[in-house]
There are 2 protein chains.
Amino acid sequence: MENLTLRQQEILGYIQLHMSQFDTWPSFREIQSHFRFKSTNAVMGHLRALETKGYISRVPGQARSFRITYDFNDDQRPEDAIDVIDIPVYGTIAAGYPDGVEPSGEIGRLQIDTKTVGVRRSRRCFALKVSGESMIDAGIYDGDIVIIEPYPPQNNDIVAALIDGETTLKRFIQEPGRAPFLKAENDHYPEFHPVTELIIQGIAKAVVRNL
Amino acid sequence: MENLTLRQQEILGYIQLHMSQFDTWPSFREIQSHFRFKSTNAVMGHLRALETKGYISRVPGQARSFRITYDFNDDQRPEDAIDVIDIPVYGTIAAGYPDGVEPSGEIGRLQIDTKTVGVRRSRRCFALKVSGESMIDAGIYDGDIVIIEPYPPQNNDIVAALIDGETTLKRFIQEPGRAPFLKAENDHYPEFHPVTELIIQGIAKAVVRNL
DNA sequence: CTTGACAGTGAACGAGTGTTTACTATACAT
DNA sequence: ATGTATAGTAAACACTCGTTCACTGTCAAG
């Protein structure tokens with residue numbers, strides 16, 4: 001932790017402590033109270049400094065919407081560290097056109113290392129077992145397990161989307177000047193419009209198939 | 001996820017998504033806006049229900065001070081004993097017609113549970129990273145990782161076979177009254193005869209693809 | 001001496017935020 | 001028919017919260 005004054009380090013340390021305890025950023029007045037400041041402006045000064053130095057960022061005007069941006073774990077992670085995560089696998093759902101198959105809840109669990117999958121442990125991944133053939137042109141077959149990371153999609157990501165109460169896999173297309181839409185990877189399946197009526201549950205990060 | 005209505009699951013899913021993206025709990029009006037409610041009271045109703053059912057908790061009166069309390073990773077069944085194996089991944093080798101690419105030795109490792117892969121721990125599995133397109137009709141693409149179990153093949157198994165010092169993936173065909181042979185899963189690739197000249201290294205048990 | 005960095009006091013403002021009250025509608029079970 | 005659960009509209013209120021402005025004090029460097 002370079003170029004922070006002692007006081008700034010204390011403030012940052014308290015914030016981290018508070019977040020680990022409460023899962024929320026402390027309010028100005030909570031920080032003020034902790035350090036026995038008489039004014040929230042003292043807090044403001046320190047948070048400004050931390051922001052200027054790149055340790056935190058904020059959404060102006062929103063309550064408790066600072067966040068820590070400095071990645072403290074980037075300095076220490078050895079290359080060969082094993083980081084296996086446990087992923088719930090949910091039941092057979094329609095990967096194709098909605099066809100009335102009911103989600104069957106959790107059917108199993110999968111353990112795999114985060115590097116292979118390309119996800120962060122902190123993002124609560126889940127997996128879906130595919131039913132149907134709407135994504136076969138993307139190499140996702142009936143019976144495959146697709147690992148989903150809850151994260152907003154970018155253009156061309158394969159996403160898990162909730163449509164009419166069912167989770168389905170589609171490719172998310174977001175081209176400039178055009179409303180985003182979802183597209184099957186099978187020429188026999190139609191496109192869906194528009195994305196605004198959908199709920200994106202996450203992006204597909206990996207496929208696991210048992211031969 | 002039991003005893004949640006569909007709508008409640010959607011709300012919880014959105015909250016998780018928002019938190020993974022912004023590191024903050026969404027405000028009532030953010031949830032309201034996302035689901036196109038006309039009133040924050042609709043949000044309130046759902047959050048109350050989620051709280052009553054034990055999925056979230058809150059600090060009354062504080063902004064963005066709900067938190068998720070339900071531990072989604074805690075639902076492990078006792079009978080789901082974790083049996084994660086460590087698998088060496090070998091380098092890019094020709095999955096297709098021999099083309100002169102040298103095996104590059106171990107390029108990484110993969111940890112995954114035995115149940116997902118369908119192997120026994122006692123059989124020293126290894127994995128290959130596929131290069132080429134000879135098995136695309138079997139849904140094995142360039143760049144995929146294929147987990148191989150050293151075990152004699154049966155008809156129609158996909159096998160790793162050593163040909164002229166190089167490992168390649170093929171489908172093993174053994175029909176009655178006919179000598180066994182290997183066959184690509186791509187019509188543009190020829191068959192191989194005979195198997196007696198080959199060394200079968202193992203059978204393919206699973207494919208892992210990072211999207 | 002001046003300037004800048006750092007640290008803080010004091011006060012107030014406007015917007016964000018959670019929460020309440022009153023109500024409607026639908027579906028289902030008794 | 002009645003009660004309950006679920007889902008939501010409408011409106012308003014009080015508090016939380018971030019932020020600004022004006023200011024003071026200490027210390028180090030030029």
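We name chains A, B, ... by the order of the sequence lines, and we start the count at 1 in each one.
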At less than 3.5 Å, do the side-chain atoms of Arg29(B) and the base atoms of dG18(C) form a donor-acceptor pair?
yes
Taking for Ser65(B) and for Thr5(B) the nucleotide of DNA chain D with the nearest heavy atom, the one nearer the 5' end belongs to Thr5(B)
Starting from P on dG18(C), measure out to CD1 on Ile56(B) and report it in whole angstrom.
11 Å
Is the base of dG8(D) touched by the side chain of Arg7(B) through a donor-acceptor pair closer than 3.5 angstrom?
no
note: Arg64(A), atom CZ; dG18(C), atom C1'; distance rounded to Å ~ 12 Å
Taking the side chain of Ala42(A) as heavy atoms from C-beta outward, which of dT9(C), dC6(C), dT19(D) is closest to it?
dT9(C)
Ranking dC17(D), dA11(C), dT9(D) by distance to the side chain of Thr40(A), first place goes to dA11(C)
Under a plain distance cut-off of 3.5 Å, with no hydrogens placed, do Thr168(A) and Lys170(A) share a side-chain donor-acceptor pair?
yes
Whole angstrom is fine here: how far is it from CZ in Phe35(B) over to C1' in dT9(D)?
17 Å
Validate the cation-pi geometry between Arg209(A) and Tyr141(A): distance from NZ or CZ to the six-membered ring centre under 6.0 Å, angle to the ring axis within 45°.
yes
Nearest-Å distance for atom pair CZ/P, residues Arg36(B) and dA7(D)
19 Å
Quick one: do the Gln32(A) and Lys38(A) side chains pair a donor with an acceptor below 3.5 Å?
no
Can you identify which nucleotide, out of dT6(D), dC6(C), dG8(C), has its nearest atom closest to the His46(A) side chain?
dG8(C)
Can you see if the side chain of Gln32(B) gets near the phosphate of dT17(C) - specifically, an N or O under 4.0 Å from OP1 or OP2?
no
Any chance the side chains of Asp86(A) and Gln111(A) put a donor and an acceptor closer than 3.5 Å?
yes
Classify the ring geometry between Trp25(B) and Phe66(B) as parallel (under 30°), tilted (30 to 60°) or perpendicular (over 60°).
parallel
Side chain of Lys53(A) - closest among dG16(C), dA11(C), dC6(C):
dC6(C)
Phosphate-side-chain proximity, Arg48(B) and dT20(C), N/O vs OP1/OP2 below 4.0 Å:
yes
What is the separation between atom CZ on Phe28(A) and atom C1' on dA11(C), rounded to the nearest whole Å?
16 Å
Between dG8(D), dT19(D), dT6(D), spot the one nearest the side chain of Phe37(B), thanks.
dG8(D)
Among Val119(A), Ile145(A), Val84(A), Ile87(A), side chain to side chain contact (heavy atoms under 4.5 Å, CB included) partner for Ile112(A)
Ile87(A)
Write down the distance between CD1 (Ile31(B)) and P (dT17(C)), rounded to a whole number of angstrom.
11 Å
Quick one: the side chain of Asn41(B) and the base of dT21(C), do they pair up donor-acceptor inside 3.5 Å?
yes
5' priority, DNA chain C, between Gln8(A) and Ser27(B) [closest heavy atom]:
Gln8(A)
Measuring to OP1 and OP2 of dG10(C), would you say a side-chain N or O of Ser39(A) lies under 4.0 angstrom away?
no
Nearest whole angstrom, please: distance from the C1' of dT6(D) to the CE of Met44(B).
16 Å
Taking only N and O in the side chain of Arg58(B), is any of them less than 4.0 Å away from OP1 or OP2 of dT19(C)?
yes
Heavy-atom nearest nucleotide on DNA chain D for Lys38(B) versus Gly61(B): which residue maps closer to 5'?
Lys38(B)
Please state how far atom CD1 in Ile15(B) lies from atom P in dG18(C), giving the value in whole angstrom units.
11 Å
